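Just so it is clear: chains get the letters A, B, ... in the order the sequence lines come, proteins before strands, and each one is counted from 1. Only heavy atoms go into these numbers, but all of them, side chains included; no hydrogens, no water, no symmetry mates. Since the model is a prediction, treat every value here as computed from it, not as a measurement.
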Protein chains: 2
Amino acid sequence: MPTRQSSDASKSKAAVSDVYASMRASILKGEIAPGARINIDAVSRSLGVSQTPVREVLQRLEGDNLVVYSPGRGYSTTPLLDLPALRSLFEFRLLVEPWAARSAAVDRLANPAAALEKELSDIRASLQTGVDARQELVAHDTRFHDTILLSAGNPVVQHAFAQTHCHLHTFRLYPADIDGAITIAEHATVREAIAACQPDRAEEAMAEHIRNSFARFAQAFEGKADLSPLESDGPPRRHIVI
Amino acid sequence: MPTRQSSDASKSKAAVSDVYASMRASILKGEIAPGARINIDAVSRSLGVSQTPVREVLQRLEGDNLVVYSPGRGYSTTPLLDLPALRSLFEFRLLVEPWAARSAAVDRLANPAAALEKELSDIRASLQTGVDARQELVAHDTRFHDTILLSAGNPVVQHAFAQTHCHLHTFRLYPADIDGAITIAEHATVREAIAACQPDRAEEAMAEHIRNSFARFAQAFEGKADLSPLESDGPPRRHIVI
DNA sequence: TTATTCTGGTTCCTACATGATTTTGCGCCG
DNA sequence: CGGCGCAAAATCATGTAGGAACCAGAATAA
C-alpha cells in the first residue's frame, strides 16, 4: 500500500506542492550534485508519489533554471553559476533594478519606503536572535528587491526579473562567511533615497549596491578568475534611455 | 483503435511536439477565444493523444504566457494584451533593446551588421513575392531584434527577453493593414548605426524605433482608449509610467 | 580494433480511478 | 409569480499504475 507518509493530512492535493518543495530543497542544498541526471522513477518512489507529479515538478523547475531537459534523455540539474554567468546576471540586474528604484522614488502611494523600513527592522531583529543567518539574509534580500520592483508597477519587467530567479541562484553559491551588515547598510541607503523621493539618488544607490554585491560574490571565485569590474568603459553610461 | 492520425511517420516521439504546435497555432489564430478555459480531456481526444502530453504542452504554454493556470481549476487562455499590458511590454523593450543595440555597435566580430543586412534584403525580396505579408513581417521583426540581442552577448538578458515572447503576443493583435515599409526603414536606420559602430546613435535609433512601434500598435486600440503617447506629461520623465 | 547485437534501464504515453468544482434543477421563501 | 438557496449530479482536474518504445552500454564476433 503506497500511502503517502509526508503530511498527516494526506488527503491528496498537496502532492505536487510537497514534491516541488522537496526537490527544490534537495537541489539547493546540493544533495543531488550539480550536473547529475535525475531519475524520475527513483524520485517518485523515494517520495512515495507517482511519476506524473514528479514530471510536473521537473517542468516547473526547468522554468526556474534548476534543471535542464534533453528530449529522450530526461532531466539533469543545472551546474552552478560560473563567473561569466554571474556577471551576465548582475548586468541584467544593473539594467533593471536601478530603473525600478528610480520609478519607486516618487511621491505617490506606491512609494514603498514604509514597507522597506519594516523589512529592514525585521531583518535586524531577526539577525539578533540569529538562527541560520544565511537563509534569513537571502530571504530578506529577496523581499527587499521584490518590493522595490513591485512598486515600479510594470508587470512585464517584474515577471522577467522573477524568471531569472536570481536570489535562488545566488543562494546556491552564497558563501557562509559573508557579513550581512554591509548589504543591510546599502539597503538602508537605497531606502532613504526612495523615502526622500530623489530618483537620481535612488537610482545611483541601487546601482552601487548591485555593483558591490557582485564584487562580494565574485570573491567566491577568487584565484580562478580575473575579477574585472562590471562596467569597463569610460563615460558613466545612462541606463535610463530617455 | 485510437491510432495517431497526425503525421504519417507516426512513430511516437513527435507527440508532444505536434500537440505543442497545434495548440499554439490554435491560440494564436484565436480559435480558442481569449480567456476561455481549456478542457484537457477534450483537447486530448480531439488530437488523438492522451492527457499527459497535453498537460505537458499546457505547462510549456504557460511559460509562453499563452495560458494561465489556476490550481484546481485548470488552464485558460490568456486574454489579448490590453493597452496597459502593451505599454508595460514596450517599456521593458525600451529598457533592454536600446542597451543591446548600444552593446552591438562596437567594432568587434560580434558586430551583427552583416547578418542584419542580409535579413533586410531577404525581407525586402520576400515582400515582393508577398504571400502572407503579416506572418513574414512578424518573423522578420523577430529575427532582426533577436540578432541584435544575441550579439549583445548576455545570455541572461537574452533569456529574459525571449521569455516575454513579445513578438508572439504582438502577432496576436497585429493589424492586417499595417504597412511594413516604415518598420523596415527604421530597422535599416538601426542597422546603419550599428554598422558604423556608433553606440549612441544605435541606442537612440533603437529607442526611437520602439517608441514608434508602440505608437503604431496603440492605434489598434483607437477609439476605446486614451492613446496617450508613452511619455505623456510635461517634464521628460524618463519613461516612468504611472 | 571495429562493427553488431543484445540486454538492462529509463523515458514517454495510455488508460483508469478519485476527489474537488461547477452547474443544474428543484424546493422554499418573499 | 419571481428570486434565492441548497443539494445532487455531471464535469473536469489530478494522481496512479502499467506497458511499450527507445537509448545506452556491454559483450561477442569478425
Side-chain angles (χ1 to χ4, degrees), chain A residues 1-24 26-27 32-33 35-63 66-78, chain B residues 1-24 26-27 32-33 35-63 66-78:
Chain A
M1 54 191 73
T3 55
R4 194 172 306 106
Q5 78 283 10
S6 60
S7 53
D8 49 344
S10 64
K11 296 306 295 179
S12 67
K13 240 358 184 359
V16 60
S17 195
D18 283 353
V19 174
Y20 179 76
S22 172
M23 295 196 66
R24 181 177 150 126
S26 288
I27 295 177
I32 309 194
R37 282 178 61 174
I38 296 181
N39 188 331
I40 294 183
D41 190 53
V43 172
S44 69
R45 259 184 292 108
S46 113
L47 292 181
V49 295
S50 181
Q51 296 183 355
T52 305
V54 173
R55 178 170 315 195
E56 187 161 334
V57 163
L58 281 172
Q59 287 177 6
R60 201 177 302 181
L61 288 173
E62 191 190 10
L66 283 178
V67 302
V68 289
Y69 171 71
S70 312
R73 298 180 55 174
Y75 294 88
S76 318
T77 54
T78 53
Chain B
M1 50 193 73
T3 57
R4 196 172 307 108
Q5 79 285 9
S6 58
S7 51
D8 49 344
S10 63
K11 295 307 293 179
S12 68
K13 238 359 183 359
V16 60
S17 195
D18 283 353
V19 174
Y20 179 77
S22 172
M23 295 194 66
R24 181 179 152 126
S26 288
I27 295 177
I32 309 193
R37 284 178 58 175
I38 296 180
N39 189 333
I40 293 183
D41 190 52
V43 171
S44 69
R45 259 183 292 107
S46 114
L47 293 181
V49 295
S50 181
Q51 297 182 353
T52 305
V54 175
R55 240 188 295 179
E56 187 162 333
V57 164
L58 281 171
Q59 287 178 4
R60 202 178 302 180
L61 288 173
E62 191 190 10
L66 283 178
V67 302
V68 288
Y69 172 71
S70 312
R73 297 180 56 178
Y75 294 89
S76 319
T77 56
T78 52

Fill in: Nearest-Å distance for atom pair CZ/P, residues A:Arg45 and D:dT16
14 Å
Item to complete: Whole angstrom is fine here: how far is it from CD1 in A:Ile40 over to P in D:dC22?
Response: 17 Å
Worksheet item: Is any side-chain heavy atom of A:Gln59 closer than 4.5 Å to a side-chain heavy atom of A:Tyr75?
Response: yes
Worksheet entry | OP1 or OP2 of C:dT22 under 4.0 Å from side-chain N/O of B:Arg73 | yes
Practice prompt. Whole angstrom is fine here: how far is it from CD1 in B:Ile38 over to P in D:dC12?
Written response: 13 Å
Discussion item. Please give me the minimum heavy-atom distance between B:Val19 and B:Leu47, naming the atom from each residue.
Written reply: CG1-CD1, 3.9 Å
Item to complete: Just jot down the side chain to side chain donor-acceptor pair (under 3.5 Å) partners of B:Ser76, sequence neighbours excluded, or say none.
Response: none
Worksheet item: In whole angstrom, what separates A:Leu47's CG from D:dG15's C1'?
Response: 14 Å
Discussion item. By nearest heavy atom, map B:Gly74 and A:Arg37 onto DNA chain D; which one lands nearer the 5' end?
Written reply: B:Gly74
Fill in: Distance below 4.0 Å between B:Asn39 side-chain N/O and D:dA13 OP1 or OP2
yes
Practice prompt. Please identify each residue that fulfils side chain to side chain donor-acceptor pair (under 3.5 Å) with B:Ser22, with sequence neighbours left out.
Written response: none
Response to the item:
All heavy atoms of B:Ala33 vs all of B:Thr77, minimum pair found to be O-OG1, 3.1 Å
Fill in: For B:Tyr20, all residues meeting ring pair (Phe, Tyr, Trp, His ring centres under 6.0 Å), sequence neighbours excluded
none
Practice prompt. Could you tell me whether the phosphate oxygens of C:dC12, OP1 or OP2, come under 4.0 Å of any side-chain nitrogen or oxygen in A:Tyr75?
Written response: no
Discussion item. What is the distance, to the nearest angstrom, from the CG atom on B:Asp41 to the P atom on C:dT18?
Written reply: 17 Å
Worksheet item: Per the end-axis method with five pairs at each terminus, what is the bend angle of the helix from C:dT1-D:dA30 to C:dG30-D:dC1, to 10°?
Response: 20°
Worksheet item: Among residues 50-58 of chain B, which contact DNA chain C at a heavy-atom distance under 4.0 Å?
Response: B:Ser50, B:Gln51, B:Thr52, B:Pro53
Worksheet item: Between atom CD in A:Glu62 and atom P in C:dT11, what is the gap in whole Å?
Response: 14 Å
Worksheet entry | Side-chain heavy atoms of B:Met23 within contact of B:Leu58, under 4.5 Å | yes
Fill in: d(OH, A:Tyr20; P, D:dT14) in whole Å
17 Å
Discussion item. Using the salt bridge (charged side-chain N to carboxylate O under 4.0 Å, His left out) criterion, which residues pair with A:Arg45? Sequence neighbours excluded.
Written reply: A:Asp41
Worksheet item: Do any N or O atoms from the side chain of A:Arg37 and from the backbone of A:Arg73 form a donor-acceptor pair under 3.5 angstrom?
Response: yes
Fill in: Rounded distance (Å) that lies between atom P of D:dA13 and atom CD of B:Gln59
13 Å
